[in-house]
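Before any comments, here is the structure.
For clarity, every value in this text was computed on a predicted model and none was experimentally measured. When reading the values below, keep in mind they use all heavy atoms of this one structure, side chains included, and skip hydrogens, waters and symmetry mates.
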Amino acid sequence: MIVWLLRHRRQLVEEMRRILEELRRFWNRLFGGKPRSAGSATEQPATAAVPRAKVFADYADPFATGAAERLSPDELVRYSFEALEAWARERGCARSPEQTPHEFARQVGQCESGLATGARMLAGLYCRAAYAPGTLPATDLRPLCQFWRQLAGTA
């Protein structure tokens with residue numbers, strides 16, 4: 001056995017490299033990595049265009065435009081939460097990636113005390129829309145109209 005291993009060590013090493021490379025490619029495909037070409041060690045990575053983050057002005061009040069009647073309750077809550085995130089970014093209290101919606105709502109309340117209650121309400125609705133089974137009942141969305149007026153008043 002040892003004699004055979006010594007005689008075929010180059011082939012074994014080459015086979016091990018091939019197996020490891022296949023495993024690496026498999027894991028990259030599985031988790032979204034990009035395939036590496038043979039000359040990729042010297043290539044510079046291409047910089048992808050980063051989409052512009054929406055500003056608060058990009059979000060129209062859905063209750064004023066009538067969009068609230070066309071959107072599902074879940075869509076309306078997501079839209080409102082995205083608008084709040086844009087509003088907060090413009091005021092220097094952007095949501096960090098590791099922040100929960102409730103932590104973000106507390107932060108917004110610290111930045112603008114007049115929005116504290118509405119931000120907490122929206123965070124609760126957002127969590128229900130995102131994580132609870134089913135859809136939100138439309139009756140739970142009544143406070144959103146008032147929240148949009150408050151949000152627009154601070155802009």
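Put simply, the side chain of Glu90 gets close to the backbone of Phe56: a donor and an acceptor are under 3.5 Å apart. In terms of modelled atom types and a separation under 3.5 Å, the side chain of Glu85 and the main chain of Arg95 share no donor-acceptor contact. Side chain of Glu103 to backbone of Thr100: a donor-acceptor contact under 3.5 angstrom is found.
Trp87 places a side-chain heavy atom less than 4.5 Å from the side chain of Val108. Residues Leu115 and Phe147 are in side-chain contact: their nearest non-hydrogen atoms beyond the backbone lie under 4.5 Å apart.
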Quiz item: Going through the distances and angles, do Cys127 and His102 end up as a side chain to side chain contact (heavy atoms under 4.5 Å, CB included)?
Solution: CA-CA 8 Å; Cys127 287; His102 291 289; 3.6 Å; yes
Quiz item: What's the verdict on salt bridge (Lys or Arg N to Asp or Glu O under 4.0 Å) for Glu14 and Arg17, showing C-alpha distance, side-chain angles and the deciding distance?
Solution: CA-CA 5 Å; Glu14 201 54 44; Arg17 281 187 188 139; 3.5 Å; yes
Practice problem: Give the intermediate values and the outcome of side chain to side chain contact (heavy atoms under 4.5 Å, CB included) for residues Arg149 and Gln146. | Solution: CA-CA 5 Å; Arg149 278 186 245 142; Gln146 176 63 29; 3.2 Å; yes
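Under the side-chain hydrogen bond (donor to acceptor under 3.5 Å, both in side chains) criterion, Arg70 pairs with no residue, sequence neighbours left out. In this structure Ser72 satisfies the side-chain hydrogen bond (donor to acceptor under 3.5 Å, both in side chains) test together with Glu75, sequence neighbours excluded.
The two residues Phe81 and Ala123 have their closest heavy-atom pair at CE1-CA, 4.4 Å. Closest of all the heavy-atom pairs between Trp148 and Ala83 is CH2-CB, 3.4 Å. Residue Arg89 comes nearest to Lys54 through the heavy atom pair NH2-O, 2.7 Å, listed as atom of the first residue, atom of the second, then distance. Across all their heavy atoms, Phe104 and Ala94 have their closest contact at CE1-C, 4.4 Å. Between Ala119 and Ala105, the shortest heavy-atom distance links the atoms O-CB, 3.4 Å. The two residues Ala129 and Arg78 have their closest heavy-atom pair at O-NH2, 3.9 Å.
Classification of Asp74 and Arg128 as a salt-bridged pair fails, no side-chain N sitting under 4.0 Å from a carboxylate O.
In this structure, the separation between CZ on Arg25 and CG on Leu23 is 10.5 Å, given to the nearest 0.5 Å. Rounding to the nearest 0.5 angstrom, the gap separating the CG atom in Leu84 from the CG atom in Leu122 is 6.0 Å. The CZ atom of Arg91 lies 8.0 Å from the CD atom of Glu112; values are rounded to the nearest 0.5 Å. How far OG of Ser80 is from OH of Tyr126: 11.5 Å, rounded to the nearest 0.5 Å. Rounded to the nearest 0.5 Å, atoms OH (Tyr79) and CG (Leu144) are 12.0 Å apart. With rounding to the nearest 0.5 angstrom, the CG atom of Leu76 is 10.5 Å from the CD atom of Glu69.
Atom CD of Glu22 sits in a crowded spot, with more than 12 heavy atoms from other residues, nucleotides or ligands closer than 6.0 Å.
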